[in-house]
Protein chains: 2
Amino acid sequence: MAEGTSPHGGQGLLFLTDEQLRKGIEAMFFAYRGFTADPDRILAEKDYGRAHHRAIHFIHRSPGTTVNNLLSILGVTKQSLNRVLRTLVDDGLVRSEVGRVDKRERHLFLTEAGAALERELSDAQRDRMRAAYRAAGSEAVAGFRKVLEAMMDEDMRRHFETLKDRGR
Amino acid sequence: MAEGTSPHGGQGLLFLTDEQLRKGIEAMFFAYRGFTADPDRILAEKDYGRAHHRAIHFIHRSPGTTVNNLLSILGVTKQSLNRVLRTLVDDGLVRSEVGRVDKRERHLFLTEAGAALERELSDAQRDRMRAAYRAAGSEAVAGFRKVLEAMMDEDMRRHFETLKDRGR
DNA sequence: CAGAATACGTCAGCCTTGTTGACATTCCAA
DNA sequence: TTGGAATGTCAACAAGGCTGACGTATTCTG
């Protein structure tokens, strides 16, 4: 635990046994289940799935985003996204607006109802995240974020950074 | 960053804005994609999916485990697991042995071929994990693990701990 | 301006992986 | 010994990925 604070700069001299790495892998697997568990319960009641949650989350995060942008964030095909988007628009949770400057584009926004569901979902998910952060301590949180960022693919890290800036 | 090392014990006085928590959530989402990307590529070539990977991983980890035990680790229905297991047995990657003391149980083992695939998959996944750990430093790794453990459901943490001990 | 490229939507069909329901076998306890 | 619980298998269905093909509107470019 004190290893990383040494003059080596916390890098370079890590002894990483296969066993340690395997535990990291399993931790990731089990934790992700917890991570999605609470929203999944809420979604199931409303006959939505994780795909709907993801769309709602990122539309909330980047109001007015285009379909194409959402596509590259979510990393699915347009057919797949479209199915989800259609139900959200039909159910009045998402509004799709023809672009003013480029009329080929559709800009996506949450309606009031959509924003309400978003709040319900992210409240649940944040509660767990907050509890985990509290239990682990702020030093651990910094490390958590560092490792996760290092684990992303390049494209995803780019998206992640972009979202980061926008939120400020 | 130095906050958690204070006499407060790294807890209690965390300022956790919704914005910070949201970034944690997004980091988790993007990182998990990276986490599964490499094995997914290998699996796609061989016409297997993530479900096969999970089964192989945990059978490797606990040779001789029963279907029921695997079920509770994976958190799916037995019918769902069974389908995956059947293809693995048919393809000669997994051996299923009728229990000696309780003949209702089946004990699961990897065959040589199964172990070979397991190695290929976990090598790929470990490589990424190792790179992320190296990039983040050992202090970060400790924090990473701490937060993940705190994020798990109780049952999952129990499984996680059990696997931990067994590996030693 | 004509034609290529882009953005989006949609239809059809497939696969994986989750679900429930029905059922056979085996074990155990009343 | 018999009925209930536990274990595992088979069948059928749904969600949500995927590819491929196509239509339409719009924009960009030579």
Side-chain angles (χ1 to χ4, degrees), chain A residues 29 32-33 36-37 39-59 64-91 94-109, chain B residues 29 32-33 36-37 39-59 64-91 94-109:
Chain A
F29 170 71
Y32 198 78
R33 289 259 294 279
T36 55
D40 280 356
R41 262 188 293 274
I42 295 170
L43 290 158
E45 284 172 17
K46 309 196 188 314
D47 280 318
Y48 289 128
R50 234 175 256 181
H52 300 84
H53 183 189
R54 292 196 282 262
I56 287 175
H57 175 99
F58 287 108
I59 293 173
T65 185
T66 65
V67 172
N68 242 351
N69 182 47
L70 202 50
L71 238 37
S72 93
I73 289 178
L74 296 177
V76 297
T77 59
K78 65 176 176 177
Q79 295 91 330
S80 201
L81 175 59
N82 196 257
R83 190 192 312 131
V84 167
L85 233 36
R86 201 183 333 167
T87 74
L88 290 176
V89 169
D90 288 352
D91 294 355
V94 167
R95 186 164 44 87
S96 167
E97 225 173 62
V98 173
R100 296 204 219 198
V101 7
D102 188 335
K103 289 178 193 157
R104 291 171 304 180
E105 295 180 336
R106 300 297 131 94
H107 299 279
L108 304 170
F109 302 89
Chain B
F29 171 70
Y32 199 77
R33 290 257 293 279
T36 56
D40 280 357
R41 263 188 292 273
I42 295 171
L43 290 158
E45 284 172 19
K46 307 194 186 321
D47 281 319
Y48 289 127
R50 235 176 256 181
H52 300 85
H53 184 189
R54 292 196 282 263
I56 287 174
H57 176 101
F58 287 108
I59 293 172
T65 185
T66 65
V67 172
N68 236 356
N69 181 48
L70 203 50
L71 237 38
S72 90
I73 289 178
L74 297 178
V76 296
T77 59
K78 60 183 176 172
Q79 295 87 334
S80 195
L81 174 59
N82 194 257
R83 190 193 313 123
V84 167
L85 235 35
R86 200 184 332 160
T87 74
L88 290 176
V89 169
D90 288 352
D91 293 354
V94 167
R95 187 163 44 87
S96 166
E97 228 172 61
V98 173
R100 296 203 219 200
V101 6
D102 187 335
K103 287 179 194 159
R104 291 173 303 180
E105 294 180 339
R106 300 297 131 95
H107 298 277
L108 304 169
F109 303 87

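All of these numbers come straight from a predicted model, not from anything done at the bench. In what follows, chains are A, B, ... by sequence order, proteins preceding strands, each numbered from 1.
- The aromatic rings of Tyr32(A) and Tyr32(B) lie parallel to each other, with less than 30° between the two planes, well short of the 60° mark.
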Under the side chain to side chain contact (heavy atoms under 4.5 Å, CB included) criterion, do Phe58(A) and Thr65(A) qualify, and how do the steps go?
CA-CA 9 Å; Phe58(A) 287 108; Thr65(A) 185; over 6 Å; no
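- Of all heavy-atom pairs between Gly49(A) and Leu43(A), the closest is O-CD1, 3.6 Å.
- Straight-line distance from the CG atom of Asp40(B) to the C1' atom of dT17(C): 13 Å, rounded to whole Å.
- Regarding His53(B), its NE2 atom lies at a distance of 16 Å from the C1' atom of dT17(C), rounded to whole Å.
- Using a 4.0 Å heavy-atom distance criterion, His52(B) is classed as a sugar-phosphate-only contact.
- Taking all atoms of both residues into account, the shortest heavy-atom contact from Lys103(A) to Arg100(A) is CG-O, 4.4 Å.
- Checking the phosphate oxygens (OP1, OP2) of dC8(C), a side-chain nitrogen or oxygen of Asn68(A) falls inside 4.0 Å.
- In this model, the phosphate group of dG17(D) is not approached by any side-chain N or O of Thr77(A) to a distance below 4.0 Å at OP1 or OP2.
- Phosphate contact (OP1/OP2 of dA6(D), side-chain N/O of Arg106(B), threshold under 4.0 Å): absent.
- Candidate nucleotides dG8(D), dT19(C), dC8(C) were compared by shortest atom distance to the side chain of Val67(B), and dG8(D) ranks first.
- In terms of phosphate contacts, Asn82(B) brings no side-chain nitrogen or oxygen within less than 4.0 Å of OP1 or OP2 of dG8(D).
- Summarising the geometry, the separation between CG on Leu108(A) and C1' on dA7(C) is reported as 12 Å, rounded to the nearest angstrom.
- Atom P of nucleotide dT17(C) and atom CZ of Arg50(A) are separated by 14 Å, given to the nearest angstrom.
- Closest heavy-atom contact between His52(B) and Tyr48(B): CD2-CD2, 3.4 Å.
- Residue-to-nucleotide proximity on DNA chain D shows that, of Tyr48(A) and Lys78(A), the 5′-proximal contact is made by Tyr48(A).
- No hydrogens or angles were tested; on distance alone, nothing pairs the side chain of Gln79(B) with the base of dG8(D) as donor and acceptor under 3.5 Å.
- Pairing each heavy atom of Arg33(B) with each of Ile73(A), the nearest pair is NH1-O, 3.5 Å.
- Between Arg86(A) atom CZ and dG17(D) atom C1' the separation is 15 Å, expressed in whole Å.
- Counting non-hydrogen atoms under 4.0 angstrom, Gly75(A) reaches the backbone sugars and phosphates but no base.
- Between Arg54(B) atom CZ and dT17(C) atom C1' the separation is 8 Å, expressed in whole Å.
- The residue among Leu71(B) and Leu81(A) whose nearest nucleotide of DNA chain D is located toward the 5' end is Leu71(B).
- DNA chain C is contacted by Arg104(A) of residues 97-104 of chain A, taking any non-hydrogen atom closer than 4.0 Å.
- Note: CG (Leu74(A)) to C1' (dC18(D)) measures 15 Å, nearest angstrom.
- Residues Val98(A) and Arg106(A) approach most closely at CG2-NE, 3.8 Å, considering heavy atoms.
- Between the P atom of dT6(C) and the CD atom of Glu105(A) lies a distance of 13 Å, rounded to the nearest Å.
- Between His53(A) and His57(A), the ring-plane angle classifies as perpendicular under the 30° and 60° cut-offs.
- Each of Ser80(B) and Arg83(A) has a nearest nucleotide on DNA chain C; the 5'-most of these lies closest to Arg83(A).
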